[in-house]
Amino acid sequence: MKKSIFLGFACFLIGALTVGVCLTMNFKQVETKVVSVAPQKKECPEKKKKIITGYGYIRGCSTYTLKNKYGAYVKKVYFYSDRPVKKGDCILEYDDFDLRKKIVSQQSSIANTEKELTEAKVQLELTKLDPLPSEYRNISWKIKRAKELLDKTENEWRTYNRLFKSKSVSELDLRSKKQAYLDALAAYEITIHDQETVNRGMRKLKIKAAEQKVSTLETKLAGLEKDLAILEEERKFYKITVPYDGFIVTNSDTPYLWDNAGTSAAVLHRTHRGYYIYSYFEEKDVIHIPNGTQGRFFSNDSGKWYDLISFDVTRSRTATGEKVYHLVKFKVLSPVDKKVTLEGNGVVEVEVK
């Protein structure tokens, strides 16, 4: 009986110890799991950087568009795109065929007018020496001769009138003498009128008329020469020249190609202050690009990235479809590769914090 109780108690004690050891091992396992999991819960994944992009193209610090004034064919090209030019350089020249025809015609008119003017000056000198026309010259002598003829025909007519009354001459002879008298009377009256005309200043008037003709031709010649000077000045409009130093981008660089008046022949870029990127961004992204924002530009020409910094965000809005874009200007901070062409395009990236 006592052995049975002792064996039972021993079994109970062994079981209790076994359970205790098991519980202790399980607690340690649970505690280890908690410790190993806790750090994973405290870790936070890094936020991805947001980058906004825009389409951009490279330019100088300022640009000047050169347009032709008259429609014409391209005659000769002196500079092509992305070439340095100096102030006054002629980029291209248009054919001024129509203008040259006008100039030749004007020169011919001037030559003819000069000839007329020379003749008029000679005539003026002759007029001063002998101002009266032939019918007015020696008017006193003509009056004397006309008076003598008048007196003679009058006497004959009176004589024949008496003879007619005595029936010594026919009526036909009488009428003939009377008509001769009337003709002589008319001629005498004309010479008297011519003398009155001369006395009223015929000489001065003739000289004045000759002087006026010379003056008129001189005025005409001056006008023709002025018009010729204007035509000659128009030659410059057939040459596209640059107003200041820079790099050129030509739009009309094909000889014998026709350009209408007002065509953009070339764009001059001033690059003495470096290069700039003009880029368009969506309106929702512009608020993230204040002045001084750094970015970078990928050039399709060189295949390289260039550092940028924004300096001007325009307020102008450009709608394309359902989207609205704003122009943002950047200054290029990196040295520009020679492969990069002015107005060449690429992508602008700006990192948004």
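In this chain, numbering begins with 1 at the start of the sequence shown.
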Practice problem: Step by step, work out the salt bridge (charged side-chain N to carboxylate O under 4.0 Å, His left out) result for K76 and E93. | Solution: CA-CA 5 Å; K76 190 174 182 179; E93 183 178 354; over 6 Å; no
Quiz item: Is K331 close enough and on-axis enough to F311, meaning under 6.0 Å and within 45°, for cation-pi?
Solution: no
Quiz prompt | Residue pair E211, L124: steps toward the side chain to side chain contact (heavy atoms under 4.5 Å, CB included) verdict | solution = CA-CA 6 Å; E211 291 175 340; L124 173 59; 3.3 Å; yes
Self-check item: Shortest non-hydrogen contact from S299 toward V340
Solution: OG-CG2, 3.7 Å
Practice problem: Taking all non-hydrogen atoms of both residues into account, name the closest pair between A265 and I240 and its distance. | Solution: CB-CG1, 4.1 Å
Quiz item: When you check the side-chain N and O atoms of R59 and T63, is any donor under 3.5 Å from an acceptor?
Solution: yes
Exercise. Determine whether N161 and L174 make a side-chain contact, defined as any pair of heavy atoms from C-beta on separated by less than 4.5 Å.
Key: yes
Quiz item: After noting the C-alpha distance and the side-chain angles of S252 and D259, does the key distance pass the side-chain hydrogen bond (donor to acceptor under 3.5 Å, both in side chains) rule?
Solution: CA-CA 8 Å; S252 300; D259 281 350; 2.7 Å; yes
Exercise. Kindly indicate, with the supporting measurements, whether the criterion side chain to side chain contact (heavy atoms under 4.5 Å, CB included) is fulfilled by L99 and L231.
Key: CA-CA 7 Å; L99 178 62; L231 290 174; 3.9 Å; yes
Quiz item: If only atom types and distance count, is the side chain of Q106 paired as donor or acceptor with the main-chain N or O of L224 below 3.5 Å?
Solution: yes
Quiz item: So if you build clusters from Ile, Leu, Val, Met, Phe, Trp, Tyr with side-chain heavy-atom gaps below 4.5 Å, do L217 and L221 land together?
Solution: yes
Quiz item: Side chains of I103 and L228: does their closest heavy-atom pair fall under 4.5 Å?
Solution: yes
Self-check item: Check ion pair K304-D337 (N to O, under 4.0 angstrom)
Solution: yes
Practice problem: Take R145 and E148 through the salt bridge (charged side-chain N to carboxylate O under 4.0 Å, His left out) test and state the conclusion after the steps. | Solution: CA-CA 5 Å; R145 290 289 299 165; E148 291 175 354; 3.4 Å; yes
Quiz item: Mind checking what makes side chain to side chain contact (heavy atoms under 4.5 Å, CB included) contact with K323, not counting sequence neighbours?
Solution: E282, Y325
Quiz item: Can you find a pair of side-chain heavy atoms, one from L308 and one from V332, that are under 4.5 Å apart?
Solution: yes
Self-check item: Reference residue D95; test salt bridge (Lys or Arg N to Asp or Glu O under 4.0 Å); the match among K239, R100, K101, R235
Solution: R100
Quiz item: With a 4.5 Å heavy-atom cut-off, do F330 and I289 have their side chains touching?
Solution: yes
Quiz prompt | S170/D173 under side-chain hydrogen bond (donor to acceptor under 3.5 Å, both in side chains): CA gap, chis, key distance, verdict | solution = CA-CA 5 Å; S170 63; D173 293 334; 3.2 Å; yes
Quiz item: Is the Y238 to Y70 ring centre distance short of 6.0 Å?
Solution: yes
Quiz item: Where is the tightest heavy-atom contact between V347 and T53, given as atom of each residue plus distance?
Solution: CG1-CB, 4.2 Å
Quiz item: For the residue pair V350 and Q294, what are the closest heavy atoms and their distance?
Solution: CG1-O, 3.9 Å
Quiz item: Should H272 and C61 be marked as a side chain to side chain contact (heavy atoms under 4.5 Å, CB included) after you check the CA-CA gap, both sets of side-chain angles, and the distance that decides it?
Solution: CA-CA 8 Å; H272 67 289; C61 60; 3.9 Å; yes
Quiz item: Distance-only, no hydrogens or angles: does the S108 side chain make a donor-acceptor pair with backbone N or O of V104 under 3.5 Å?
Solution: no
Quiz item: Near Y55 OH, under 6.0 Å, is it more than 12 heavy atoms from other residues, nucleotides or ligands?
Solution: yes
Quiz prompt | With I277, the side-chain contact (heavy atoms from CB on, under 4.5 Å) member among Y57, Y306, F297 | solution = F297
Quiz item: Where is the tightest heavy-atom contact between V242 and L66, given as atom of each residue plus distance?
Solution: CG1-CD1, 4.2 Å
Self-check item: More than 12 heavy atoms from other groups under 6.0 Å of CD on E218
Solution: yes
Quiz item: Does K69 reach the side chain of K236, with side-chain heavy atoms less than 4.5 Å apart?
Solution: no
Quiz item: Do V267 and N251 come within less than 4.5 Å of each other through their side chains, counting heavy atoms only?
Solution: yes
Quiz prompt | Any side-chain heavy-atom pair of L117 and K121 under 4.5 Å | solution = yes
Practice problem: For E154 and R158, run salt bridge (charged side-chain N to carboxylate O under 4.0 Å, His left out): C-alpha distance rounded to whole Å, both residues' side-chain angles, the deciding distance at 0.1 Å, then the answer. | Solution: CA-CA 6 Å; E154 184 180 6; R158 291 183 185 280; 2.9 Å; yes
Exercise. Tell me, please, whether Y160 has K177 positioned over its six-membered ring: NZ or CZ under 6.0 Å from the ring centre and within 45 degrees of its axis?
Key: yes
Quiz item: Distance from S176 atom OG to Y181 atom OH, nearest 0.5 Å?
Solution: 15.5 Å
Quiz item: Sub-3.5 Å donor-acceptor pair from the side chain of D253 to the main-chain atoms of V77, do we have one?
Solution: no
Exercise. Evaluate the criterion side chain to side chain contact (heavy atoms under 4.5 Å, CB included) for residue pair Q123 and L126; output intermediate values, then yes/no.
Key: CA-CA 5 Å; Q123 188 61 42; L126 291 174; 4.2 Å; yes
Quiz item: Under 3.5 Å, is there a donor-acceptor pair between the E116 and N112 side chains?
Solution: no
Quiz item: Does a side chain donor of either W157 or N155 reach within less than 3.5 Å of an acceptor in the other side chain?
Solution: no
Self-check item: Check: N345/N300 side-chain N/O donor and acceptor closer than 3.5 Å
Solution: yes
Quiz item: Should L92 and F79 count as side-chain neighbours, where that means a heavy-atom distance under 4.5 Å?
Solution: no
Practice problem: For the pair Y78 and D89, evaluate side-chain hydrogen bond (donor to acceptor under 3.5 Å, both in side chains) and give the outcome as yes or no after the intermediate values. | Solution: CA-CA 9 Å; Y78 298 97; D89 283 344; over 6 Å; no
Quiz item: What's the verdict on salt bridge (charged side-chain N to carboxylate O under 4.0 Å, His left out) for K50 and E351, showing C-alpha distance, side-chain angles and the deciding distance?
Solution: CA-CA 6 Å; K50 182 180 179 182; E351 182 179 327; over 6 Å; no
Practice problem: Work out which heavy atom in D245 is nearest to a heavy atom in K87; give both atom names and the distance. | Solution: OD1-N, 2.8 Å
Exercise. Under the side-chain hydrogen bond (donor to acceptor under 3.5 Å, both in side chains) rule, what do T65 and S264 come out as? Steps first, then yes or no, please.
Key: CA-CA 7 Å; T65 302; S264 175; 5.0 Å; no
